[in-house]
Student: 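For reference, the structure I am asking about is given below.
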Amino acid sequence: MTDTPAADANSSANGAANGNGGEGQAMPPQIRILGQYIKDLSFENPNAPGGFTNQAPQINVSVDVRVPGNQDNDYEIELRLTADAKVEDKQVFLVELVYGAVFRLENIPAQGLQPVLLIECPRIIFPFARRIIADMTRDGGFPPLMIDPIDFAALYRQRLDQQQAAQQGDAPAGDA
């Protein structure tokens, strides 16, 4: 049949385009999730049932991303979310979540590794952590807390600025 050679040509062309064929072609960067899990979860409703009021609480949400360790190309990411709700300085609820995931990162250039770990990886797992917070507050007797999307790139830039400011503060005075 005459279609076979054309199919073979397409297969080898696709293989070369995907980096599977041809020498000297760089493999594309890959981010794979090996597993994700709740590492720590706490919900406090200290004034129940007195905490259930018609008054809307003031809710403060804090976010932190940590990379506690790695092994070869496998990196653990911890997304730490805390939601603290108060009405007139009285605690309504407190939710603390450490949501973890293990990512396998391959073919990531060294200069791009930190942004991938602190921006892309948390961006990927955030919807899962957000759902846990919403379910936890709902199960605690409150409306589900739907945390707004988080700009992990802005958090990363803020972290870099803080590190640069700390390094400049550590520099000896009078080195002009």
Student: Using 4.0 Å as the upper bound for N to carboxylate O, is an ion pair formed by Lys90 and Glu88?
Tutor: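 No salt bridge links Glu88 with Lys90.
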Student: I'd like to know if the side chain of Asn107 reaches the main chain of Pro28, judged simply by a donor and an acceptor atom lying under 3.5 Å from each other, with no hydrogens or angles considered.
Tutor: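 Flag set: sc Asn107 to bb Pro28 pair under 3.5 Å.
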Student: Search all heavy atoms of Leu118 against all heavy atoms of Pro122 and return the closest pair with its distance.
Tutor: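 Reported closest heavy-atom pair: O-CG, 3.3 Å.
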Student: Under 3.5 Å, is there a donor-acceptor pair between the side chain of Arg130 and the main chain of Ile147?
Tutor: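 Yes; judged by distance alone, with no hydrogens or angles, the pair exists.
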Student: When you look at Lys39 and Tyr99, which way does the side chain to side chain contact (heavy atoms under 4.5 Å, CB included) test go after all the steps?
Tutor: CA-CA 6 Å; Lys39 197 161 188 177; Tyr99 193 74; over 6 Å; no
Student: Taking ILVMFWY side chains as joined if any heavy atoms are under 4.5 angstrom apart, and letting links pass through other members, which residues group with Leu94?
Tutor: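 Answer for Leu94: none, a lone residue.
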Student: Between Val61 and Thr82, is there a side-chain heavy-atom distance shorter than 4.5 Å?
Tutor: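 No, their side chains stay 4.5 Å or more apart.
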Student: For a 4.5 angstrom cut-off between non-hydrogen side-chain atoms, does Tyr156 reach Pro115?
Tutor: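 Yes. Closest side-chain heavy atoms under 4.5 Å.
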Student: Determine the minimum heavy-atom distance between Ile77 and Leu117, stating which atoms define it.
Tutor: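 For Ile77 versus Leu117, the nearest heavy atoms are CD1-O, 3.6 Å.
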Student: Please verify the inter-ring angle class for Phe93 with Phe142; under 30° counts as parallel, over 60° as perpendicular, anything in between as tilted.
Tutor: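 Ring orientation, 0 to 90° scale: tilted.
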Student: Determine whether Phe128 and Gln36 make a side-chain contact, defined as any pair of heavy atoms from C-beta on separated by less than 4.5 Å.
Tutor: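 They are in contact (side-chain heavy atoms under 4.5 Å apart), so the answer is yes.
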Student: Quick one: does Asp84's side chain have a donor or acceptor within less than 3.5 Å of a partner on Asn60's backbone?
Tutor: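 Checking the backbone N and O of Asn60 against the side chain of Asp84, no donor-acceptor pair under 3.5 Å is found.
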Student: Between the main-chain N or O of Val65 and the side-chain N or O of Arg159, is there a donor-acceptor pair closer than 3.5 Å?
Tutor: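 Indeed, once roles are kept as given, a pair shorter than 3.5 Å links the two residues.
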Student: Determine, step by step, whether Leu105 and Val116 satisfy the side chain to side chain contact (heavy atoms under 4.5 Å, CB included) criterion, reporting the C-alpha distance in whole Å, the side-chain angles of both residues, the deciding distance to 0.1 Å, and the verdict.
Tutor: CA-CA 9 Å; Leu105 305 178; Val116 168; 4.0 Å; yes
Student: Run the salt bridge (Lys or Arg N to Asp or Glu O under 4.0 Å) test on Asp89 and Lys86 for me, step by step, so that the C-alpha distance in whole Å, both residues' side-chain angles and the decisive distance to 0.1 Å come before the verdict.
Tutor: CA-CA 6 Å; Asp89 294 333; Lys86 293 182 178 179; 5.8 Å; no
Student: Return the set of residues passing side-chain contact (heavy atoms from CB on, under 4.5 Å) with Pro46 (not counting sequence neighbours), or none when no residue passes.
Tutor: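 So Pro46 forms a side-chain contact (heavy atoms from CB on, under 4.5 Å) with Glu44, Gln91.
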Student: When you measure from the side chain of Asp151 to the backbone of Ala153, do you find a donor-acceptor pair of N or O atoms at a distance under 3.5 Å?
Tutor: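 Between the backbone of Ala153 and the side chain of Asp151 there is a qualifying donor-acceptor contact (under 3.5 Å).
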Student: Describe, in one word, how the ring planes of Phe152 and Phe126 are oriented to each other, choosing from parallel (under 30°), tilted (30 to 60°) and perpendicular (over 60°).
Tutor: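 Perpendicular, since the angle between the ring planes exceeds 60°.
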Student: Please determine whether a side-chain nitrogen of the Lys or Arg among Asp161 and Arg157 lies less than 4.0 Å from a carboxylate oxygen of the Asp or Glu.
Tutor: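 Judged by the 4.0 Å cut-off on N to carboxylate O distance, Asp161 and Arg157 do not form a salt bridge.
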